[in-house]
Each structure stands twice: as structure tokens, then as C-alpha cells.
K.L.:
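Below is a structure I'd like to ask you about.
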Amino acid sequence: ASDSGAAIVDESVETTDGRHVEVAANVGRQAELEPAADRGADGVGLYRTEFLFLDREAPPSEDEQYEAVREALDTFPDGRVVVRTLDIGGDKRIPYLDLPEEENPFLGERGIRRSLDPDSDLFATQLRALLRAAADGAGDLAIMFPLVATVEELDAALAALDAAAADLEGREDEAADPEVGVMIETPSAAFMAEELAARVDFLSIGTNDLTQYVMAADRENERVGDLHDPTHPGVLRAIHRTVTAAHAEDAWVGMCGEMAGDPDLTELLVGLGLDELSMSAVTIPEVKTAISETEYSAASERADRARLAATRSDVHTTLDT
Ligand code: PEP
Ligand code: MG
């Protein structure tokens with residue numbers, strides 16, 4: 001049994017009425033890979049590549065990034081490993097990159113915006129490393145872009161990926177064709193989810209940032225902690241429309257914000273139609289147990305009532321009855 005008392009479930013799980021939900025781990029350090037596998041993760045739903053850039057004086061080389069991602073894939077030879085491209089700016093800073101000071105960093109050059117900077121080759125290097133890792137050996141790599149707000153950004157990121165693949169031609173025996181996805185972390189991305197989903201294989205909802213931007217409440221400021229809560233109906237409606245849009249475009253949709261790892265919200269998230277939940281490894285056993293005890297059809301009706309509630313307290317009344 002795990003610390004939480006829930007038994008570790010190695011197999012994949014489904015609801016009592018047979019709906020499969022993937023349960024994956026969020027990984028922010030290489031040392032978290034093995035513990036995630038031990039806790040029963042089906043794969044990695046969010047591999048935060050920022051940590052490869054921390055505690056050093058220069059960016060990691062293409063080969064170093066390749067090796068790190070290969071290790072993740074080798075840890076989950078039968079699972080999917082979703083690698084997020086570099087997500088810096090906002091709360092995530094890397095001293096040697098010497099990024100300009102911004103008055104309002106959370107509304108500044110974060111995530112994909114920074115990767116698309118034409119004066120930097122960090123993105124091209126990273127994409128080559130990922131494509132090489134996807135082409136070699138075991139495991140199933142997927143590439144995910146953070147903090148996308150527009151279709152133009154996604155198109156530019158996809159063009160960069162094509163260019164990286166073209167760079168590798170002749171260097172690799174096997175062409176890699178990894179799944180590609182977009183994080184839904186901005187209100188614009190939630191509103192544009194149909195067009196985004198039509199261009200990729202999956203969406204993954206980052207509720208930490210999505211809540212911050214939907215509610216205009218800093219994710220780090222306790223004074224607005226009550227507002228930074230993904231169970232506000234405004235956030236639930238953004239999640240619902242993202243899931244509906246993804247499914248209409250035959251894309252799968254996951255969630256990798258903190259909300260995904262709260263076992264008290266598992267029934268709600270299954271009911272909202274998420275296909276995958278990714279979380280820090282410690283809560284995986286509890287969430288897997290909660291999924292296996294959920295009846296999807298009932299959860300779906302309850303989730304509809306919850307998102308149509310007027311207040312957060314009505315949402316919680318709905319969830320508790
Ligand atoms: C999120 O914003 O929900 C997310 C998963 O990304 P991060 O917490 O790394 O910003
Ligand atoms: Mg985020």
C-alpha cells in the first residue's frame with residue numbers, strides 16, 4: 001500500500017462502466033522517473049524540460065537533451081512520454097539566458113513565445129534532440145508546446161518542428177513521427193480549442209496557468225488564493241469547452257495542472273470527459289482507485305450540473321451530493 005493507503009495499481013484503469021482513463025506522471029527531475037513508474041504511472045504526461053537547463057552555466061547540448069529524454073522513454077517502454085518544450089519566463093527563470101526584465105512577466109515573453117524568438121536557436125536544438133529520441137529505441141514520445149495563445153504560434157511551432165526534421169534528414173535511419181500537442185493554459189487557447197485541436201493530436205489542460213488567467217488571480221499570491229481555484233464554474237466551463245472541442249476534432253485531451261492530482265476531483269474530471277490525467281507521482285494510486293470506483297455516466301451528469309452552477313459553493317454542493 002502507498003502512504004495514502006490506496007493500493008498501487010500497475011495496470012491501466014477504467015471506470016465501472018468501461019471508460020479508460022490514462023493516468024500519467026508529471027516529472028520535473030530525472031530522479032522522479034523511477035518513483036513514478038513504481039507508483040503505477042502509465043507514462044509521463046508532463047516532462048518539464050526546464051530542469052535540464054537549471055543549476056548549470058550554459059544550455060544543455062542537443063546530445064545531453066537526447067540522452068535525458070531517452071532515459072525517460074526507457075523508463076516507460078510501453079507508455080507514452082509527453083515532453084513539454086522549454087517553458088521559461090513568468091515564474092521560471094534561468095540566469096545565464098540573460099532574459100530581459102519585464103514589468104509583468106506572467107503576461108510577458110513566456111513559454112512558446114520565448115521559444116519562437118528568432119534570435120535564439122534553443123528551440124531548434126531541443127526539437128532535434130526530441131525527434132532523435134523519438135526515432136530511437138523503445139517508448140512513445142509526444143511533443144507538447146506550452147502557453148500557446150494563438151493559432152499563428154502553433155503554426156510557427158509546427159513549422160519549426162518540420163524544419164528540425166528536415167535538418168535531421170540523412171542523419172537518422174528512421175523517420176520519427178511523434179504525436180504533437182498543445183497546452184491549454186490561456187483563455188484564448190480555450191476559446192480557440194477547435195482550431196488548435198484540428199492541427200494536432202492532443203490538448204493538455206494546464207490548470208495552474210489556465211486558472212490564473214481565467215480568474216485574473218496570481219497563482220503564487222495567497223491573498224487571491226480563493227480566486228485561484230479551478231473549481232470556479234468559470235474555469236470548469238473553460239475545461240468543458242476544451243474537452244468538447246478536442247473530441248470534435250478527434251484529438252485526445254488530458255490535464256496536467258495540479259487539479260488533475262486531487263482525488264476529490266477525480267469523479268468531476270472523469271465526468272468532464274478527460275482522457276488522461278497527469279500528476280505528481282504521490283497521488284497516482286489514489287487517483288487510479290478513484291477512477292476505478294467512478295461510474296462515467298453518472299459522473300458526466302454530475303459534471304454537467306457542476307459546471308452549470310453559478311457559484312463555487314454551488315459547484316461543491318453538487319459534487320458532495
Ligand atoms: C500548468 O500551468 O498547469 C502547468 C502544468 O504548467 P506549469 O505548472 O509548469 O506552469
Ligand atoms: Mg503552465
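Whatever order the structure lists them in is the order used to number ligands and atoms, beginning at 1.
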K.L.:
Can you give me the OE2-the Mg ion (ligand 2)-OD2 angle for Glu185 and Asp209, to 10°?
P.N.:
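It comes to 100°.
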K.L.:
How close does the nearest protein non-hydrogen atom get to atom 5 (C) of ligand 1, and which residue and atom is it?
P.N.:
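Protein heavy atom with the smallest distance to atom 5 (C) of ligand 1: Cys256 O, 3.4 Å.
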K.L.:
Less than 4.0 Å is my threshold; does some heavy atom of Glu50 fall inside it relative to ligand 1?
P.N.:
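Per 4.0 Å heavy-atom rule, Glu50 does not contact ligand 1.
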K.L.:
Assess whether side chain to side chain contact (heavy atoms under 4.5 Å, CB included) is satisfied between Val270 and Ile291, documenting all intermediate values.
P.N.:
CA-CA 7 Å; Val270 171; Ile291 293 168; 4.1 Å; yes
K.L.:
What about Ile112 and Leu161, same hydrophobic cluster or not, with Ile/Leu/Val/Met/Phe/Trp/Tyr joined at side-chain heavy-atom distances under 4.5 Å?
P.N.:
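Same cluster.
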K.L.:
Are there more than 12 heavy atoms of other residues, nucleotides or ligands under 6.0 Å from atom CG of Asn104?
P.N.:
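More than 12 within 6.0 Å, yes.
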K.L.:
What I'd like to find out is whether the side chain of Met279 reaches to under 4.5 Å of the side chain of Glu286, using heavy atoms alone.
P.N.:
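A side-chain contact is absent here, since even the closest heavy-atom pair is not under 4.5 Å.
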K.L.:
Out of curiosity, is Met259 lining ligand 1, as in a heavy atom under 4.0 Å away?
P.N.:
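For ligand 1, residue contact (heavy atoms, under 4.0 Å) with Met259 is absent.
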K.L.:
Between the side chains of Arg110 and Glu185, is the shortest nitrogen-to-carboxylate-oxygen separation below 4.0 Å, so that they form an ion pair?
P.N.:
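The answer is no: the pair does not qualify as a salt bridge.
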K.L.:
To the nearest 0.5 Å, how far apart are CG in Leu319 and CG in Asp264?
P.N.:
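Spacing of CG (Leu319) from CG (Asp264) equals 9.5 Å.
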K.L.:
Can you tell which part of Asn208 has a heavy atom less than 4.0 Å from ligand 1: side chain, backbone, both or neither?
P.N.:
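For Asn208, backbone and side-chain atoms both sit under 4.0 Å from ligand 1.
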K.L.:
I'd like to know: is the Mg ion (ligand 2) within the 2.8 Å range of an N/O/S atom from Asp87, strictly under that distance?
P.N.:
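It does not; every qualifying atom lies at 2.8 Å or beyond.
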K.L.:
Can you tell which part of Met183 has a heavy atom less than 4.0 Å from ligand 1: side chain, backbone, both or neither?
P.N.:
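It is the side chain that touches ligand 1; the backbone stays farther off.
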K.L.:
Which atoms of ligand 1 have any heavy atom of Arg219 under 4.0 Å away?
P.N.:
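Heavy-atom distances to Arg219 below 4.0 Å select 2 (O), 7 (P), 8 (O), 10 (O).
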K.L.:
Tell me whether Asp136 is salt-bridged to Arg132, with the criterion being a basic N under 4.0 Å from an acidic carboxylate O.
P.N.:
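Looking at Arg132 together with Asp136, the answer is no, because their closest N to O distance does not fall below 4.0 Å.
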K.L.:
Against heavy atoms of Asp209, which atoms of ligand 1 measure under 4.0 Å?
P.N.:
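What qualifies from ligand 1 is 1 (C), 2 (O), 3 (O), 10 (O).
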K.L.:
Among protein heavy atoms, which lies nearest atom 6 (O) of ligand 1, and at what distance?
P.N.:
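That would be Arg84 NH1, 3.0 Å.
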K.L.:
Going by an N to O cut-off under 4.0 Å, is there a salt bridge joining Arg199 and Glu249?
P.N.:
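A salt bridge is absent here (no side-chain N lies under 4.0 Å from a carboxylate O).
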K.L.:
With backbone taken as N, CA, C and O and side chain as the heavy atoms from C-beta onward, which portion of Leu46 lies under 4.0 Å from ligand 1: side chain, backbone, both, or neither?
P.N.:
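Near ligand 1, Leu46 shows its side chain, while the N, CA, C and O stay back.
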